[in-house]
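Worksheet for the structure shown next.
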Amino acid sequence: MLNNVIIIGAGPAGLLAAISAKNENNNVIIIEKNERIGKKLFITGKGRCNITNYSNTEDFFSKINTNSKFMYSSIYGYTNFDILELLSNYGLEYKVERGNRVFPKSDKSSDVIKTFKKIIDDLKINIILNEKIDYIEKKDDIFNLYSKNNRYEADYVVIATGGVSYPATGSTGDGYKFAKNFGHTLVETEPSLVPLEIYSDYIKELQGVSLKNVEVSIKNKEKILQSEFGEMIFTHFGVSGPIILKLSNKIEKNRDIDIVIDLKPKLDKETLDNRIIRDFEKYNNKDISNGLKDLLIQKLIPVILKEAKIDENKKVNQITKEERAKLGETIKNLTFKFKSFRPIKDAIITKGGISTKEINPKTMESKIIDNLYFAGEVIDVDAMTGGYNLQVAYSTGYAAGRDINERT
């Protein structure tokens, strides 16, 4: 008689759980509330799917922000190179970009999802789409899963429903509800890797301005807490982009934080001053607003001049040495006050979730309910951007499925 194994959720964690659980003794079923599998995979990496990270496996743990020790067994049990081998064996070509981020060679996340679909079909794993599980109970060693119109029986259940970030992808906290009903403790959820709202009089002027090769620091009074180099963008509410998302994880709620942007991090104070002098010589008889067009993005110039308290109609040849020094200081330290995080629905990943103290780190099985497993973002583990969170999902999903496979 076959064992019924039900995976709730067809994201990266659920897919790996299903793949690793499948054997001749198991009837594996994925139940997904969306109309297709891998909906969250589809939007990762700006639609290109940042599959994983190509760094040495041991380097992963420094990139896991919460409960990294919990992840030791599962990461080493199913590494970043293991997932790449699986996908490659089914024809997916990949490439490694800056920061060791791995993408499909085609730059299409749909190709990654198609590859997973091939694997699922090859293993004859059943997928039920557009089916939302509302309630789970366990009686006499059998799980009963209820949707609006159906009841499913399972010997083993893996909850891989995601967190509460990007609810449009189906991550609406269902797994937390199931876990709580089974007596599990939930760590309060918060946004992780999230855009930031700022206090600024320049929001409208700067909206849409994208910056490359800048350094952004977060400061608590005079102490720099963290700095990141790379790309960012101004939005209608504040700031976003890769380096902002990374820094957001280092900010505690309700703290007095300054966000400081060095627009020319590769130029020290003296070198920048010499560059300004050369530009001033070139545009000697122009307004200062025109004299900076070779150095700064046009939309930034009025903001920098206001912050430096320099009249934008003042001629370049009228700028004093003190004003020039203030100009350089502002370019190296454009400062905004942190207001708040964006809502959790805008976050890349959810911080918090099912307590790791109640989950076996080797198998992802509940320590409270036998044959109940958790995988992926539903667990209180979160990591930095760059493919690390997806690897957490693969590794925990694989650990859960492998344990079921070995026991059946």
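Computed from heavy atoms alone, side chains included, the values below leave out hydrogens, waters and symmetry copies.
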Practice task
Without swapping roles, check the side chain of S147 against the backbone of K132 for a donor-acceptor pair under 3.5 Å.
Solution key: no

Handout entry: Residue K138 excluded, over 12 heavy atoms near NZ under 6.0 Å
Key = yes

Handout entry: Check ion pair E32-K39 (N to O, under 4.0 angstrom)
Key = no

Exercise for the section: Kindly check if the number of other-residue, nucleotide or ligand heavy atoms within 6.0 Å of CG (D121) is above 12? Expected result: yes

Problem - Gap separating the CD1 atom of I310 from the CD1 atom of I304, nearest 0.5 angstrom - result: 10.0 Å

Practice task
Could you tell me the separation between the CG atom of L15 and the NZ atom of K117, rounded to the nearest 0.5 Å?
Solution key: 11.0 Å

Fill in the blank from the handout: Closest heavy-atom pair, M232 versus I243, reported as atoms and distance to 0.1 Å, is CB-CG1, 4.0 Å

Handout entry: Check: N360 side chain, K362 main-chain N or O, donor-acceptor pair, under 3.5 Å
Key = yes

Exercise for the section: Could you tell me whether R407 sits above the aromatic face of Y156, with NZ or CZ closer than 6.0 angstrom to the six-membered ring centre and within 45 degrees of the axis? Expected result: no

Practice task
First locate atom CG of N389, then atom CG of D382, and finally report the distance between them rounded to the nearest 0.5 Å.
Solution key: 6.5 Å

Exercise for the section: Please name the pair of heavy atoms, one in G397 and one in S20, separated by the smallest distance, quoted to 0.1 Å. Expected result: O-OG, 3.8 Å

Completion exercise
So CD1 of I6 and CG of N126: to nearest 0.5 Å the spacing works out to 10.5 Å

Handout entry: Short side-chain donor-acceptor distance under 3.5 Å, T161 and D174
Key = no

Donor-acceptor list for residues 202-219 side chains, cut-off 3.5 Å, not counting sequence neighbours:
from: Y202; atom 1: OH; to: E307; atom 2: OE2; distance (Å): 2.7
from: S217; atom 1: OG; to: S227; atom 2: OG; distance (Å): 2.6

Practice task
Would you tell me whether N4 and D155 have side-chain atoms, one donor and one acceptor, within less than 3.5 Å of each other?
Solution key: no

Practice task
Show your reasoning for whether side-chain hydrogen bond (donor to acceptor under 3.5 Å, both in side chains) applies to D82 and Y398.
Solution key: CA-CA 10 Å; D82 290 326; Y398 181 85; over 6 Å; no

Practice task
Measure up the F234 and F336 rings against each other and bin them: parallel (under 30°), tilted (30 to 60°), perpendicular (over 60°).
Solution key: perpendicular

Handout entry: Modelled atom types, side-chain donor and acceptor of T271 and N274, under 3.5 Å
Key = no

Handout entry: K177/D134 salt bridge by N-O under 4.0 Å criterion
Key = no

Exercise for the section: Establish, from distance only, whether the side-chain atoms of S106 and D111 form a donor-acceptor pair under 3.5 Å. Expected result: yes

Problem - Any side-chain donor near an acceptor of the partner, S355 and D380, under 3.5 Å - result: no

Practice task
Mark yes when over 12 heavy atoms from residues, nucleotides or ligands other than E35 sit less than 6.0 Å from its CD; otherwise mark no.
Solution key: yes

Practice task
Could you go through the salt bridge (charged side-chain N to carboxylate O under 4.0 Å, His left out) check for K314 and D287 one step at a time?
Solution key: CA-CA 5 Å; K314 197 170 185 177; D287 290 347; over 6 Å; no

Practice task
Look at the aromatic rings of Y54 and F81 and report parallel, tilted or perpendicular, splitting at 30° and 60°.
Solution key: perpendicular

Practice task
Ignoring hydrogens and angles, tell me if any N or O in the side chain of N100 forms a donor-acceptor pair with the backbone of N56 under 3.5 Å.
Solution key: no

Handout entry: Ring centres under 6.0 angstrom apart (F374, F178)
Key = no

Practice task
State whether F280 and R324 meet the cation-pi test: NZ (Lys) or CZ (Arg) under 6.0 Å from the six-membered ring centroid, and within 45° of the perpendicular axis.
Solution key: no

Exercise for the section: Look at the side chain of D403 and the backbone N and O of A399, then say whether any donor-acceptor pair between them is shorter than 3.5 Å. Expected result: no

Problem - D273 and K269 ion-paired at < 4.0 Å - result: no

Problem - Heavy-atom donor-acceptor pair, T408 side chain to N25 backbone, under 3.5 Å - result: no

Exercise for the section: May I ask you to test the V102-V96 pair for a side-chain heavy-atom distance under 4.5 Å? Expected result: yes

Could you give the side-chain donor-acceptor pairs of residues 291-303 under 3.5 Å, partners two or more places apart or in another chain?
from: D294; atom 1: OD1; to: Y283; atom 2: OH; distance (Å): 3.1
from: D294; atom 1: OD2; to: K282; atom 2: NZ; distance (Å): 2.9
from: D294; atom 1: OD2; to: Y283; atom 2: OH; distance (Å): 2.9

Exercise for the section: Tell me, yes or no, whether the heavy-atom count around K286 atom NZ, taken from other residues, nucleotides or ligands under 6.0 Å, exceeds 12. Expected result: no

Problem - Side chain S109, main chain F42, donor-acceptor under 3.5 Å - result: yes

Exercise for the section: Measure from the side-chain N and O atoms of D140 to the backbone N and O of I142, and report whether any donor-acceptor pair falls under 3.5 Å. Expected result: no

Fill in the blank from the handout: Here the pair of heavy atoms bringing I359 nearest to F70 is O-CE1, 3.5 Å

Handout entry: Any donor-acceptor N or O pair under 3.5 Å, side chains T44, N50
Key = no

Problem - Distance-only donor-acceptor check, side chains N80 and S55, under 3.5 Å - result: no

